[in-house]
Amino acid sequence: MSEITRILCPVDFSEPSRHALDHAVALARWFGAKVSVLHVHQLTTPTFAAGPYVGLEGLEPMSLTDVERGELLQAVNEFVAPDRAAGIPIDTLLHEDANVPGAIIDHAEALGADLV
């Protein structure tokens, strides 16, 4: 049987991601693993920046403000609160990237996740 010590569970606050977190928590209980819950906020380019008279600086993706980042991290923490209350060790991560799947893979590798 493989040893699972770290589980990365990406979430987007949808019902399917809640279901995935439930499974990650069940596996964490079974294996005694830690769970890292990751939300990747997708960076977007503003639509007004797509006009013909906009310079390259207008095509930069819009990042979250510090307030938005704090609110989003709070939402992630609230999303996992019931599982933390049940005693499951969960750390929460927030990342901003234009390539959401790539960011998830990068985090999995950086954490040494055994399971995503």
Side-chain angles (χ1 to χ4, degrees):
M1 187 156 96
S2 298
E3 185 169 338
I4 296 175
T5 60
R6 172 72 71 172
I7 300 169
L8 176 63
C9 184
V11 298
D12 63 3
F13 307 111
S14 66
E15 189 59 34
S17 70
R18 174 80 246 172
H19 189 66
L21 181 57
D22 291 342
H23 283 280
V25 165
L27 288 167
R29 278 193 184 111
W30 180 265
F31 289 99
K34 288 188 175 185
V35 178
S36 293
V37 173
L38 169 67
H39 177 75
V40 181
H41 174 78
Q42 185 168 23
L43 294 175
T44 57
T45 302
T47 54
F48 65 84
Y53 303 109
V54 176
L56 291 178
E57 67 280 350
L59 297 176
E60 290 294 316
M62 293 178 60
S63 295
L64 294 170
T65 65
D66 289 340
V67 171
E68 292 169 328
R69 198 172 294 107
E71 290 172 349
L72 196 49
L73 188 55
Q74 180 180 346
V76 176
N77 283 310
E78 289 172 5
F79 194 75
V80 304
D83 299 306
R84 278 187 175 149
I88 300 300
I90 298 175
D91 54 294
T92 52
L93 306 164
L94 176 63
H95 187 76
E96 299 175 64
D97 205 304
N99 179 1
V100 174
I104 293 168
I105 291 168
D106 291 345
H107 276 276
E109 290 172 353
L111 288 170
D114 303 299
L115 183 66
V116 178

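Positions are given from 1 along the sequence.
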Problem - Separation of Cys9 SG from Leu21 CG (nearest 0.5 Å) - result: 4.5 Å
Handout entry: Trp30 with Ile7, same ILVMFWY side-chain cluster at under 4.5 Å
Key = yes
Exercise for the section: Report yes if the side chains of Val80 and Val11 come closer than 4.5 Å at any heavy-atom pair, otherwise no. Expected result: no
Handout entry: Within-4.5 Å side-chain heavy-atom neighbours: Leu27 and Ile4
Key = no
Practice task
Using modelled atom types only, decide if a donor and an acceptor are shared between the side chain of Arg69 and the backbone of Ser63 within a distance under 3.5 Å.
Solution key: no
Practice task
Check for a donor-acceptor pair, side chain of Arg6 on one end and backbone N or O of Gly112 on the other, with a separation under 3.5 Å.
Solution key: no
Exercise for the section: Determine, using the 4.5 Å side-chain heavy-atom cutoff (strictly less than), whether Phe31 and Leu115 are members of one ILVMFWY cluster. Expected result: yes
Practice task
Could you check if a side-chain atom of Leu64 sits within less than 4.5 angstrom of a side-chain atom of Glu71, using non-hydrogen atoms only?
Solution key: no
Problem - Residue pair Leu8 / Leu111: nearest heavy atoms and the distance that separates them - result: CD1-CD1, 3.9 Å
Exercise for the section: Identify whether the distance between the nearest side-chain nitrogen and carboxylate oxygen of Asp83 and Arg18 falls below 4.0 Å. Expected result: yes
Practice task
Return yes if some donor-acceptor pair links the side-chain N/O of His95 with the main-chain N/O of Val40 below 3.5 Å, else return no.
Solution key: no
Handout entry: Nearest heavy atoms of Phe79 and Ser17, plus distance in Å
Key = CZ-OG, 3.7 Å
Exercise for the section: Could you check if a side-chain atom of Leu72 sits within less than 4.5 angstrom of a side-chain atom of Phe13, using non-hydrogen atoms only? Expected result: yes
Exercise for the section: Please report the closest heavy-atom contact between Pro101 and Asn99, naming both atoms and the distance. Expected result: CD-OD1, 3.3 Å
Problem - same_hphob_cluster(Val100, Val116) at 4.5 Å side-chain heavy-atom cutoff - result: yes
Handout entry: Any donor-acceptor pair under 3.5 Å from Arg84 side chain to Ile90 backbone
Key = yes
Exercise for the section: Indicate the ring-plane relationship of His39 and His41, choosing parallel, tilted or perpendicular according to the 30° and 60° boundaries. Expected result: tilted
